[in-house]
There are 2 protein chains.
Amino acid sequence: MLTPERHQLILQLIKEKPIVKIQELVDLTEASESTIRRDLTLLEEGKFLKRVHGGAARLRGKLQEPSMVEKSSKNLHEKRRIAQYAANLVEEGDSIYLDAGSTIQEMITFLPTKDIVVVTNGLMHLPALLERNIETYVIGGYAKPKTNAIIGRGALGSLEQYRFDKCFLGVNGIHPQSGYTTPDQEEAMIKQKAMSLAREAYVLADDTKFSEITFAKIADLHEAAIITNELEEESKGQYTSKTSIKVVTS
Amino acid sequence: MLTPERHQLILQLIKEKPIVKIQELVDLTEASESTIRRDLTLLEEGKFLKRVHGGAARLRGKLQEPSMVEKSSKNLHEKRRIAQYAANLVEEGDSIYLDAGSTIQEMITFLPTKDIVVVTNGLMHLPALLERNIETYVIGGYAKPKTNAIIGRGALGSLEQYRFDKCFLGVNGIHPQSGYTTPDQEEAMIKQKAMSLAREAYVLADDTKFSEITFAKIADLHEAAIITNELEEESKGQYTSKTSIKVVTS
DNA sequence: TCAGAAATCAATCATTTTCTTTCAAAAACA
DNA sequence: TGTTTTTGAAAGAAAATGATTGATTTCTGA
């Protein structure tokens, strides 16, 4: 049985029942348990279902999603690995700040759920955070339509109310002289303020951000640690990317 | 039986009966007592129910809230007409407060988009507001998972930053003596504060809310105008409903 | 009101089930 | 053919489960 056939079968079954056991799928498809597990992992990454211990469950909200492109771009995969690395830095008891933005959003899946407090200005993060029952605070202020981020004077004041163990930021440019930059002046101010309220600041950035400079400066390089995918040269001239953390200190 | 299956079963049972005994659940799910206890602990942490000696009890407020899904189409239609009436009160240049809740959400479609400013604590309203390019401000604070509303101490302070021409609120109970009530004390405080910051306050409520009393008092009847569907008797003993506005003054 | 009985509880541990990781064989592909 | 992708099997790790223990709460009857 071909891979896409199995996937179709699984998706069809999960449209009928809210939960399917792995053993059911093994019997139905006559594939091995390993294969089914791999299928479920892929389908979960594509946001088609949710894995649960013993099987898979239907996603709430996405009852029928007719035209959904398989997410397999290399870039997304890199983002996810960077995000996962960052999420692993969060420990029980931490209070953390999550910046708006798609890279940071990928972190949410990997965050521990117990005994952490999240503060965010990213409206797009809220469904996932609440879904995972993570204690979440939103800062107040103007809701910027384009990026779904909370910004503005009110946001700065609202941020002042909190202190963080760790703060995770997205940026658009990383440059030795110009430091971290982002196109929107107001967003830069929020990021700046969040950094100043955190004990440790992390910037998440894939390799495309390096040597870029955009309009508004956030901070100098040494003011945050960068979590990125460093490209490493391997034998035979092949490159593979490896998520590692690079810390620039003053 | 998979863990989430049991959880669903438990939640379903507790929607029917306000209290379930552990032994019932053991018999029903054919799991051990230990497992059921663990399930209840988890579900309590997720704020889905409350453990009591011998079993589990339904949460207050969860009572008339089967997850916002089951609304009779008639009821929804009434809500929409009430919401439309309310939205027509908003004029260009107004700054308005929109409370969290499904009735208020229906207003968004009918709001004018030009030259109005919206402040809200309802996270579920944001996609629609931003979609319509309405200038939107969110108040900061704790994001309550069950209702997707911003509440808490921070929210009150955040609200203080604003003043409104009109404020639109949802309530759960309307009663001559007890005034407007809602199940959550914290949400009541937010509604109260929003009212105090507005020149005109409106409560949106369909006829099912009348003579109801829930836990936390928001205000006396005369402090807001009620927008509701009054039932009017027509010829031949037929009833039709007509959306009208009823103002109670002191 | 009190003491004893019964029921319920949290905590712990051994067992079972499920998961992830790894590796090599098979299949698909160029 | 050589290379990549998919697959299945196996081993060790992690999670879920059920039974047991002793503590706590509730019930019962004087």
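Naming convention: chains lettered A, B, ... in sequence-line order (proteins, then strands); numbering from 1 in each chain. Note that this is a predicted model, so its numbers are computed, not measured.
Side-chain atoms of Arg51(B) lie closest to dA10(C) of the nucleotides dC19(C), dA10(C), dT26(D).
In this structure, Ile36(A) places its CD1 atom 14 Å from P of dT18(C), rounding to the nearest Å. Atom pair Leu2(B):CG and dT18(C):P shows a separation of 8 Å (rounding to whole Å applied). The CD1 atom of Ile19(B) sits 12 Å away from the P atom of dT8(C) (whole-angstrom rounding). Between His53(B) atom NE2 and dT25(D) atom C1' there is a gap of 5 Å when expressed in whole angstrom units. Look at CG on Leu40(B): it is 9 Å from P on dA10(C), rounded to the nearest Å. Note: CZ (Arg37(B)) to P (dA10(C)) measures 6 Å, nearest angstrom. Atom CG of Asp39(A) and atom C1' of dT5(D) are 14 Å apart (whole Å). Here dT20(C) presents its P atom at 11 Å from CD of Glu45(A), a figure rounded to the nearest Å.
Contact annotation: side chain of Arg38(A) to base of dG8(D), donor-acceptor pair present below 3.5 Å.
Salt bridge Asp99(A)/Lys191(A): present, at least one basic N to carboxylate O contact under 4.0 Å. A salt bridge does not link Lys146(B) to Asp184(B): none of the charged side-chain nitrogens sits closer than 4.0 Å to a carboxylate oxygen. Comment: Lys144(A) engages Glu187(A) in a salt bridge, judged by a side-chain N to carboxylate O separation of less than 4.0 angstrom. Under the 4.0 Å criterion applied to side-chain N and carboxylate O atoms, Glu5(B) and Lys21(A) are assigned as salt-bridge partners.
Shown for residues 23-34 of chain B: residues whose heavy atoms fall under 4.0 angstrom of DNA chain D, namely Ala31(B), Ser32(B), Ser34(B).
Of the N and O atoms on the side chains of Arg51(B) and Thr41(B), at least one donor lies less than 3.5 Å from an acceptor on the other residue.
For Tyr180(B) against Asp220(B), the heavy-atom pair with the smallest separation is CE1-O, 3.3 Å.
At the phosphate of dT17(D), OP1 or OP2 sits under 4.0 Å from a side-chain N or O atom of Thr3(B).
Ring pair Tyr202(A)/Phe168(A) is parallel by interplanar angle, where below 30° counts as parallel and above 60° as perpendicular.
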